[in-house]
Amino acid sequence: MKQLPEQLTKPFDAQSVEKNIYEMWETSGYFNPDTLPRTDKGSYTIVLPPPNVTGTLHAGHALTATIQDIFIRFKRMQGYKTLWLPGTDHAAIATQSVVEKKIYKEEGKTRHDIGREEMLRRINEFALESQNTILSQLRTMGASLDWSRLAFTLDDKRNLAVRTMFKKMYDDGLIYRGERIVNWDPKGQTTISDDETITEERAGKLYTFKYSKDFPITISTTRPETKVGDTAVAVHPEDERYRTYVGKTFDVEFAGCPISVKIIADTAVEKDFGTGALGVTPAHSAIDWDMKERHNLESRQVINEYAKMYGLKNEELNGKKVTDAREYIVNWLRESDLMIHEEDIVQNIPTAQRTGAVVEPLPKLQWWVNVNKEFKHFGKTTTLKQLMRDVVASHEIEILPGRFEKVYFNWIDNLRDWCISRQIWYGHRIPVWYKGDEIYCDINAPKGNDWKQDEDTLDTWFSSGLWTFSTLGWPSETQDFKTFHPTNVLETGHDILFFWVARMILFSTYALNTVPFKTVYLHGLIRDTQGRKMSKSIGNVLDPRDLSHKYGTDALRMALIVGNGAGNDLKLGEDKVKAYKLFSNKIWNATRFVLERTADFTSPVSLTKDDEEEYTKWQAIKKDITSDIENYRLHLASEKIYDYFWKTFCDVLIETRKTRILENKDTASAQTLLLTLLREQLVVLHPFMPFITEEIWKYVKSEHDNELIISSWD
RNA sequence: GGGAGAUUAGCUCAGUUGGUAGAGCAACUCGUUUACACCGAGAAGGUCACAGGUUCGAGUCCUGUAUCUCCCACCA
């Protein structure tokens with residue numbers, strides 16, 4: 001370091017160094033635990049939450065990649081055998097609908113015009129392209145992922161894992177086929193799970209009316225069009241008003257359709273709501289379906305998969321959309337003088353998360369995971385729900401921030417059976433075959449020609465739920481699986497706690513009798529400066545690629561981390577990223593100065609008392625930062641190193657030692673202090689700002705030093 | 001209806017186990033041929049939402065109130 005390197009005489013240019021640095025890391029083999037030089041501290045594993053292959057990297061991905069990369073780099077420098085495993089998610093419904101829309105727009109064709117095989121080929125093509133984009137974007141974030149272990153939720157290995165898991169659960173009686181009310185998405189033409197619906201508040205009307213003039217009971221509904229499918233009227237057993245009618249059946253003509261209505265008493269009815277009497281439509285309401293089961297009622301479906309009326313005696317109704325049918329029946333009620341009251345109310349309507357369509361409850365034969373069924377599990381009788389609950393209650397899995405434990409328990413306690421079959425083509429096909437009345441479930445197809453495989457595919461979360469171990473080779477007993485499972489930290493957004501985190505806990509505890517990870521670290525959402533969600537329609541999206549190009553990846557990473565505590569939403573504005581670009585410059589310039597002032601430096605000397613004191617103070621700071629990272633307080637750790645570098649190292653230490661060096665007072669000690677502090681700070685800064693620190697490291701490291709990425713933390 | 005969170009400087013947010021209120025940005029004053037104006041020095045700015053309580057001591061713990069945000073839920 002006698003001569004100041006040419007590079008350092010110019011201002012820092014992040015763009016020009018990032019690509020080369022990343023290539024150096026990637027070819028070095030340091031991302032791969034098998035070729036990592038120092039691994040004396042045991043294994044440390046994180047699986048990357050696989051991004052959907054539907055789009056490009058957004059600010060949330062940038063955040064998740066940064067947090068995990070910090071943990072991984074920190075542990076790698078401490079000497080752990082670190083594995084950060086990358087992959088992508090086929091995101092079944094989302095991906096298929098993106099491609100379907102694209103094809104419809106460009107060619108005016110539906111998936112049925114194109115056919116299953118060709119459609120799947122096209123979706124795969126799209127997925128592959130999208131995957132490449134996403135992976136290259138992860139590289140620009142500096143993510144030190146082991147690319148040699150890249151996985152995809154829909155590749156052959158993961159497909160084997162899925163089939164194996166399905167078969168095991170089927171044999172244990174935990175997966176069953178059953179008919180009941182499902183959430184049907186009329187736009188996506190598939191069932192969806194409860195978690196895939198979003199309830200929206202909408203203005204609605206509560207209509208109070210009688211089926212006919214001579215019908216004795218007045219009922220209320222928000223969906224008059226379903227009333228042509230009514231098979232009962234339910235009242236509360238203790239309701240005096242209706243007691244005399246219970247058990248009787250009335251045949252009436254309603255809107256041109258004959259219906260037969262039995263009066264039943266059921267405690268699910270609220271006496272004080274509306275008239276205290278409820279028209280029961282088993283085929284189009286989940287509560288009504290349950291009442292049908294309890295009272296052995298008829299069920300009559302009057303709405304089809306396209307949310308249109310069908311099978312009715314009144315031909316005018318058939319083929320009408322539900323909203324039009326509602327208007328028709330309301331008018332009929334008014335004209336027939338049967339409408340008693342109309343009231344404006346706000347109602348909660350379930351809609352499909354992916355397509356936005358209003359969910360139509362329909363009775364369907366589907367595959368389910370039974371979460372309440374007792375079964376023998378490694379010698380103990382338990383349920384899936386219980387397994388999921390226990391490992392968190394016992395703190396075998398720690399959820400951060402802790403408040404999400406309550407959210408998790410709340411979800412578990414209200415959990416109903418999970419509908420896992422989907423009527424779309426893109427996904428893992430259900431490994432079940434039919435021949436007449438026979439059903440065959442196995443990992444592979446049965447022998448013989450007459451078997452026909454179930455047409456449905458599995459919920460995408462069924463495959464991503466296996467992610468911590470399907471990526472490590474399960475069901476084979478691989479070395480990877482033995483070394484890296486259970487994983488250490490699962491870092492993801494709190495919005496997928498139920499979808500994904502809970503399902504991983506379910507599958508891992510069930511199949512392996514072990515937790516999938518020890519710690520769950522949940523980050524918040526990234527919002528714009530006004531606290532709104534980033535969305536294309538508002539136009540407030542900050543693209544991480546733009547920010548990275550403009551200010552450098554290191555600056556972006558710092559902006560995402562500093563002050564962003566676990567679980568909290570982050571309001572991100574460009575100003576914040578800019579501020580950390582200035583910090584990059586500060587580091588760069590400070591390095592230039594230190595190297596200039598130590599050009600004649602030969603070897604370290606023992607420090608003067610003052611210098612020794614400063615070094616001791618720094619060591620305390622470093623210890624503090626280490627403890628912050630170990631305790632998942634990245635927002636504090638990053639702020640502390642920023643603060644020390646700028647306020648103490650630059651503003652105080654460089655300024656005072658500069659004078660001493662100029663005046664030639666204890667020069668060697670001052671030089672030793674500055675160089676030592678600079679080097680040690682680069683180490684601490686590296687997980688947060690990997691590019692600039694690795695670049696500078698070239699100029700300050702001694703000959704026998706390794707690259708910074710594998711330099712020792714301590 | 002149930003649950004969770006937030007409320008601290010003009011703005012964005014820290015404040016780990018209770019011990020004299022912090023940072024960044026913005027604004028103000030002064031300075032800069034000496035690593036960096038992508039800078040430095042300085043000053044200013046807060047009844048920690050409100051009301052009680054526990055404590056020698058509360059931004060921090062407890063109770064209640066208000067406002068906002070989010071999640072869950074089959075009042076038709």
Side-chain angles (χ1 to χ4, degrees), chain A residues 4 8-9 11-12 181 183 194-195 197-199 204 206-208 219-224 226-227 233-234 268-281 285-291 345 347-348 350 361 401-411 413-416 494-495 497-498 524-525 527 529-533 551 555 558-559 562-565 567-576 578-597 624 627-628 631-633 635-640 642-643 646-647 650-651 654-655 658-659 662:
Chain A
L4 194 64
L8 272 178
T9 59
F12 177 60
I181 299 293
N183 303 303
D194 294 340
D195 294 305
T197 64
I198 295 176
T199 41
L206 183 65
Y207 302 95
T208 303
I219 60 165
S220 299
T221 187
T222 52
R223 297 198 63 187
T226 63
K227 299 293 102 182
V233 162
V269 181
E270 291 272 342
K271 269 199 290 190
D272 303 326
F273 187 88
T275 62
L278 158 70
V280 181
T281 326
S285 152
I287 337 170
D288 296 9
W289 179 270
D290 292 344
M291 281 197 245
I345 57 159
Q347 47 174 349
N348 294 320
R403 61 186 147 92
F404 281 100
E405 273 182 18
K406 283 185 197 164
V407 180
Y408 178 82
F409 289 137
N410 190 24
W411 178 81
D413 293 342
N414 294 307
L415 187 61
R416 294 181 293 167
H494 66 68
D495 52 329
L497 176 63
F498 309 141
L525 264 54
R527 298 173 175 279
T529 46
Q530 293 169 55
R532 297 173 303 183
K533 262 190 177 177
Y551 304 107
M558 283 295 274
V562 178
N564 182 16
N568 294 339
D569 290 356
L570 173 73
K571 288 180 196 165
L572 182 67
E574 212 167 317
D575 278 354
K576 193 174 178 191
K578 215 169 167 177
Y580 291 102
K581 180 189 155 65
L582 300 187
F583 183 48
S584 300
N585 284 310
K586 192 73 182 175
I587 298 171
W588 189 258
N589 290 324
T591 303
R592 179 199 299 162
F593 178 78
V594 169
L595 292 186
E596 268 172 10
R597 292 295 156 198
D624 194 25
S627 145
D628 279 337
N631 290 291
Y632 306 95
R633 297 187 294 254
H635 61 301
L636 297 185
S638 52
E639 197 177 346
K640 281 173 189 167
Y642 171 89
D643 191 60
W646 201 312
K647 292 296 158 60
C650 292
D651 292 349
I654 289 186
E655 289 306 322
K658 165 161 71 179
T659 320
L662 285 170

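First the proteins, then the strands, lettered A, B, ... as listed; each starts at 1. These numbers come from a predicted model, not from an experiment.
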Problem set entry | A/Lys640 side chain near B/G24 phosphate (N/O to OP1/OP2, under 4.0 Å) | no
For this session: Using the P atoms only, state how far B/A26 lies from B/G64, rounded to an integer number of Å.
Result: 43 Å
Problem set entry | Separation of the C1' atoms in B/G18 and B/G53, to the nearest angstrom | 15 Å
Exercise. Hey, is NZ on A/Lys578 packed in by over 12 heavy atoms from elsewhere, all under 6.0 Å?
Worked result: no
Exercise. Could you give the distance from CD (A/Glu639) to CE (A/Met558), rounded to the nearest 0.5 Å?
Worked result: 9.0 Å
Seminar exercise, completed: Taking B/A4, B/A23, B/A35 as options, the one with an atom nearest any side-chain atom of A/Glu639 is B/A23
Problem set entry | Candidates B/U34, B/U16, B/A4 - which lies nearest the side chain of A/Leu636 | B/U16
For this session: Kindly compute the distance separating CE (A/Met291) from CG (A/Leu278), expressed to the nearest 0.5 Å.
Result: 4.5 Å
Exercise. Reckon A/Lys586 touches a base, only the sugar-phosphate, or nothing at all at heavy-atom distances under 4.0 Å?
Worked result: base
Problem set entry | Value in whole Å for how far the P atom of B/G40 lies from CZ of A/Phe583 | 12 Å
For this session: Could you state the atom-to-atom distance from CG of A/Leu525 to C1' of B/U12 in whole Å?
Result: 17 Å
For this session: May I have the distance from A/Ile654 (atom CD1) to B/C39 (atom C1'), rounded to whole angstrom?
Result: 13 Å
Exercise. Given the rule that a pair is Watson-Crick or G-U wobble with both distances under 3.5 Å, how would you write RNA chain B in dot-bracket, using | for pairs to a different strand?
Worked result: (((((((..((((.....[..))))..((((.......))))......(((((..]....))))))))))))....
Exercise. Mind checking the C1' distance from B/C48 to B/A21? Whole angstroms is fine.
Worked result: 8 Å
Problem set entry | Residues forming a salt bridge (Lys or Arg N to Asp or Glu O under 4.0 Å) with A/Lys227, sequence neighbours excluded | A/Asp230
For this session: Consider the side chain of A/Lys571, meaning its heavy atoms from C-beta on, and name the nucleotide among B/G24, B/U12, B/A35 that approaches it most closely.
Result: B/U12
Problem set entry | B/C62 and B/A4, which share atom name P, separated by this distance in whole Å | 13 Å
Exercise. With a 4.0 Å cut-off on heavy atoms, is A/Arg633 in touch with a base, just the backbone sugar-phosphate, or nothing at all?
Worked result: base
For this session: For B/A76 and B/C61, measure between their P atoms and round to the nearest Å.
Result: 38 Å
Seminar exercise, completed: Given protein heavy atoms under 4.0 Å, the one-letter contact record of nucleotides 70-76 of chain B, with B base, S sugar-phosphate only and - none, is simply -S-BBBB
Problem set entry | Comparing A/Gly565 and A/Phe404 on RNA chain B - which has the more 5′ nearest nucleotide | A/Phe404
Exercise. For B/G15, does OP1 or OP2 lie under 4.0 Å from any side-chain N or O of A/His635?
Worked result: yes
For this session: Look only at the side chain of A/Asn631 and the backbone of A/Ser627, and say whether a donor-acceptor pair between them is shorter than 3.5 Å.
Result: yes
Exercise. Think A/Lys658 has a side-chain N or O under 4.0 angstrom from the OP1 or OP2 of B/A35?
Worked result: yes
Exercise. For residues A/Asn410 and A/Asn414, is any side-chain donor paired with an opposing acceptor at under 3.5 Å?
Worked result: yes
Exercise. Whole Å only: how far is the CG atom of A/Leu662 from the C1' atom of B/U34?
Worked result: 8 Å
Exercise. Taking it one step at a time, do A/Phe583 and A/Ile587 satisfy side chain to side chain contact (heavy atoms under 4.5 Å, CB included)?
Worked result: CA-CA 6 Å; A/Phe583 183 48; A/Ile587 298 171; 3.7 Å; yes
Exercise. When rounded to the nearest Å, what value does the distance between C1' atoms of B/G15 and B/G46 take?
Worked result: 14 Å
Problem set entry | B/C36 phosphate, OP1 or OP2, under 4.0 Å from A/Trp646 side-chain N/O | no
Problem set entry | Inter-residue atom distance A/Asp195.CG - A/Leu415.CG, 0.5 Å rounding | 7.5 Å
Seminar exercise, completed: To the nearest angstrom, the CG-P distance between A/Asp624 and B/U17 comes to 14 Å
For this session: Go through the steps to decide whether A/Leu525 and A/His494 satisfy the test side chain to side chain contact (heavy atoms under 4.5 Å, CB included), and finish with yes or no.
Result: CA-CA 8 Å; A/Leu525 264 54; A/His494 66 68; 4.2 Å; yes
Problem set entry | Same-atom distance (C1') from B/G31 to B/U69, integer angstrom | 45 Å
Exercise. Testing A/Trp646, A/Tyr551, A/Tyr642 for ring pair (Phe, Tyr, Trp, His ring centres under 6.0 Å) with A/Tyr580, which one passes?
Worked result: A/Tyr642
Exercise. A/Asp643 has an atom CG; how far is it from atom C1' of B/C13, in whole Å?
Worked result: 15 Å
Seminar exercise, completed: note: A/Met558, atom CE; B/A23, atom P; distance rounded to Å ~ 17 Å
Exercise. OP1 or OP2 of B/A23 sitting under 4.0 Å from any side-chain N/O of A/Lys576?
Worked result: no
Exercise. Roughly how many Å is it from CZ in A/Phe593 to P in B/C36, rounded to a whole number?
Worked result: 9 Å
For this session: Report yes if a donor N or O on one partner sits less than 3.5 Å from an acceptor N or O on the other, where the partners are the side chain of A/Glu405 and the base of B/A4; otherwise report no.
Result: no
Exercise. How far, in whole Å, is B/U65 from B/G2 if one measures between their P atoms?
Worked result: 13 Å
Problem set entry | Backbone N/O of A/Val562 and side chain of A/Lys576: donor-acceptor pair under 3.5 Å | yes
Exercise. Where do A/Tyr207 and A/Thr222 come nearest, in terms of heavy atoms and distance?
Worked result: CE1-O, 4.4 Å
